[in-house]
Amino acid sequence: MPLGTSQQTITTGTVFIPEVWSPETLRATESALVMAKLVKRYDSEVTQKGDTIHIPNITNFTASSKSANTEVTLQAPTETQTNISINQHYESSFLVEDLLRIQSNYDLMSEYTSKAGYSIAQRVDTDLLGLYSSLTTTDVGSYGTDIGDNAILQSLETLNLNDVPMEDRAMVVDPTQLTAIMRLDRFTKSDYLGEWDQPTPVKTGPKSRYLWGDIYGVPVYWTNQVATTAGTPTQYHNMVFHKEAFALALQQAPRTQSAYILEYLGNLVVVDIVYGTAVLRATFGVELRS
């Protein structure tokens with residue numbers, strides 16, 4: 001005898017099936033923020049007051065030939081200045097009402113405060129990486145073409161021709177270009193490095209979360225924060241630069257404030273920052289196109 005279609009299923013018995021909420025949250029991924037520690041900092045200059053930092057520029061002298069019984073040739077250059085305007089004020093805020101805070105199984109205040117702080121730091125990183133367009137050196141590489149050894153060597157040569165010190169240089173690339181670099185045998189295979197028993201950058205692993213290794217003595221960082229221009233192809237504005245190419249002045253480091261808002265019966269949290277960025281030495285960096 002057929003049983004018919006009156007079986008108990010997950011549809012008819014849905015009220016008996018609990019929904020389970022994990023005690024852990026799944027936080028949104030965060031891009032690497034690398035630039036603030038790689039540039040020249042002027043925080044201490046504006047911790048008290050002021051809206052502009054004036055940095056006097058000193059030019060080089062030239063050697064003059066000295067003949068017997070003649071005066072020396074005096075030099076009196078008219079100097080210029082580089083300015084950093086402290087004109088950026090960003091905030092990230094949220095409000096959690098009491099009912100949600102009381103009934104939630106999660107520490108939302110802590111979770112969202114962390115995310116607000118990240119968004120502020122990300123804004124600074126974005127501004128610094130966007131300064132590539134103010135560099136005056138000739139760009140190397142081509143849009144739509146992966147970074148290759150020749151482009152890397154050209155970028156380093158450009159810095160060398162501009163008397164840029166070897167110390168405090170850095171390369172910041174998009175993750176797609178880190179992959180391209182890792183495909184270059186000379187940077188990963190021991191037979192190219194000539195050290196069969198020594199670790200390569202890949203074998204050694206990163207020195208920090210987003211520091212892959214070094215190429216020709218220059219530390220290589222990767223981040224999704226690298227400036228891009230949409231198009232066909234997408235343009236990636238990677239950079240090779242010296243610390244003094246760019247400047248950052250935090251007049252107010254990221255500050256977290258909270259207050260209970262009676263009208264909304266909830267806690268308001270605001271994270272804000274006051275800062276300025278500028279190009280210090282426009283010849284101390286190179287856009288490494290890809």
Side-chain angles (χ1 to χ4, degrees), residues 31-40 125-126 128-229 233-246 279-290:
S31 297
L33 306 179
V34 301
M35 287 296 291
K37 65 181 180 181
L38 300 178
V39 301
K40 181 80 171 177
D125 209 61
T126 297
L128 287 170
L129 284 163
L131 294 177
Y132 78 90
S133 60
S134 296
L135 297 173
T136 58
T137 48
T138 302
D139 306 320
V140 302
S142 302
Y143 295 134
T145 301
D146 284 340
I147 292 174
D149 188 42
N150 187 57
I152 294 172
L153 290 172
Q154 284 183 318
S155 67
L156 298 180
E157 180 181 90
T158 298
L159 296 185
N160 294 339
L161 290 173
N162 283 287
D163 294 322
V164 178
M166 288 294 297
E167 301 81 12
D168 295 321
R169 292 183 181 184
M171 182 186 302
V172 178
V173 301
D174 183 84
T176 61
Q177 296 312 294
L178 179 62
T179 301
I181 290 172
M182 292 173 69
R183 290 195 179 107
L184 300 177
D185 287 345
R186 67 180 65 248
F187 301 130
T188 58
K189 293 183 66 175
S190 57
D191 52 342
Y192 277 88
L193 296 175
E195 299 174 342
W196 291 91
D197 59 342
Q198 296 299 316
T200 67
V202 173
K203 293 177 185 175
T204 302
K207 298 186 179 76
S208 70
R209 186 178 181 187
Y210 298 109
L211 173 58
W212 170 72
D214 63 77
I215 292 178
Y216 301 123
V218 178
V220 180
Y221 295 83
W222 64 272
T223 173
N224 282 300
Q225 289 282 102
V226 167
T228 60
T229 301
T234 299
Q235 299 176 2
Y236 294 95
H237 309 292
N238 314 282
M239 287 193 294
V240 181
F241 61 94
H242 185 270
K243 180 178 183 178
E244 293 188 0
F246 309 114
V279 174
L280 273 186
R281 299 181 184 270
T283 61
F284 270 40
V286 181
E287 180 192 348
L288 186 53
R289 295 179 169 182
S290 64

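Between atom CD of residue Q154 and atom CG of residue L161 there is a gap of 11.0 Å, rounded to the nearest 0.5 Å. Atoms CG and OG, on L288 and S142 in that order, are 10.5 Å from each other to the nearest 0.5 Å. In this structure, F241 CZ and L135 CG are separated by 9.5 Å, a value rounded to the nearest 0.5 Å. With rounding to the nearest 0.5 angstrom, the OG1 atom of T229 is 11.0 Å from the OH atom of Y236. Atom CG in L128 sits 10.5 Å away from atom CD in Q225 (nearest 0.5 Å).
Summarising the geometry of L38 relative to A170, their closest heavy-atom pair is CD1-CB, 4.1 Å, with the distance given to 0.1 Å. Here the closest heavy-atom approach between residue L178 and residue W222 is recorded as CD2-CD1, 3.4 Å.
When side chains are defined from C-beta on, Y221 counts as touching K37, because their heavy atoms get closer than 4.5 Å. No side-chain heavy atom of T138 sits under 4.5 Å from any side-chain heavy atom of T158. Here the side chains of E157 and V140 are not in contact, with every heavy-atom distance at 4.5 Å or above. You'll find the side chain of V172 reaches within 4.5 Å of the side chain of M35, heavy atoms only.
For the 3.5 Å distance criterion, the side chains of Y216 and D149 qualify, holding a donor opposite an acceptor.
Applying the salt bridge (charged side-chain N to carboxylate O under 4.0 Å, His left out) criterion to D139, with sequence neighbours excluded, gives R289. Listed by chain and number, the residues in a side chain to side chain donor-acceptor pair (under 3.5 Å) with N224 amount to none (sequence neighbours excluded).
A donor-acceptor pair under 3.5 Å is formed between the side chain of R169 and the backbone N or O of V164. Proximity of a side-chain donor or acceptor of N238 to a complementary backbone N or O of D174 within less than 3.5 Å is detected. Judged purely by atom type and a 3.5 angstrom limit, T136 uses its side chain to pair as donor or acceptor with the backbone of A282. In this structure, the side chain of D146 does not engage the main chain of Q177 through any donor-acceptor pair within 3.5 Å.
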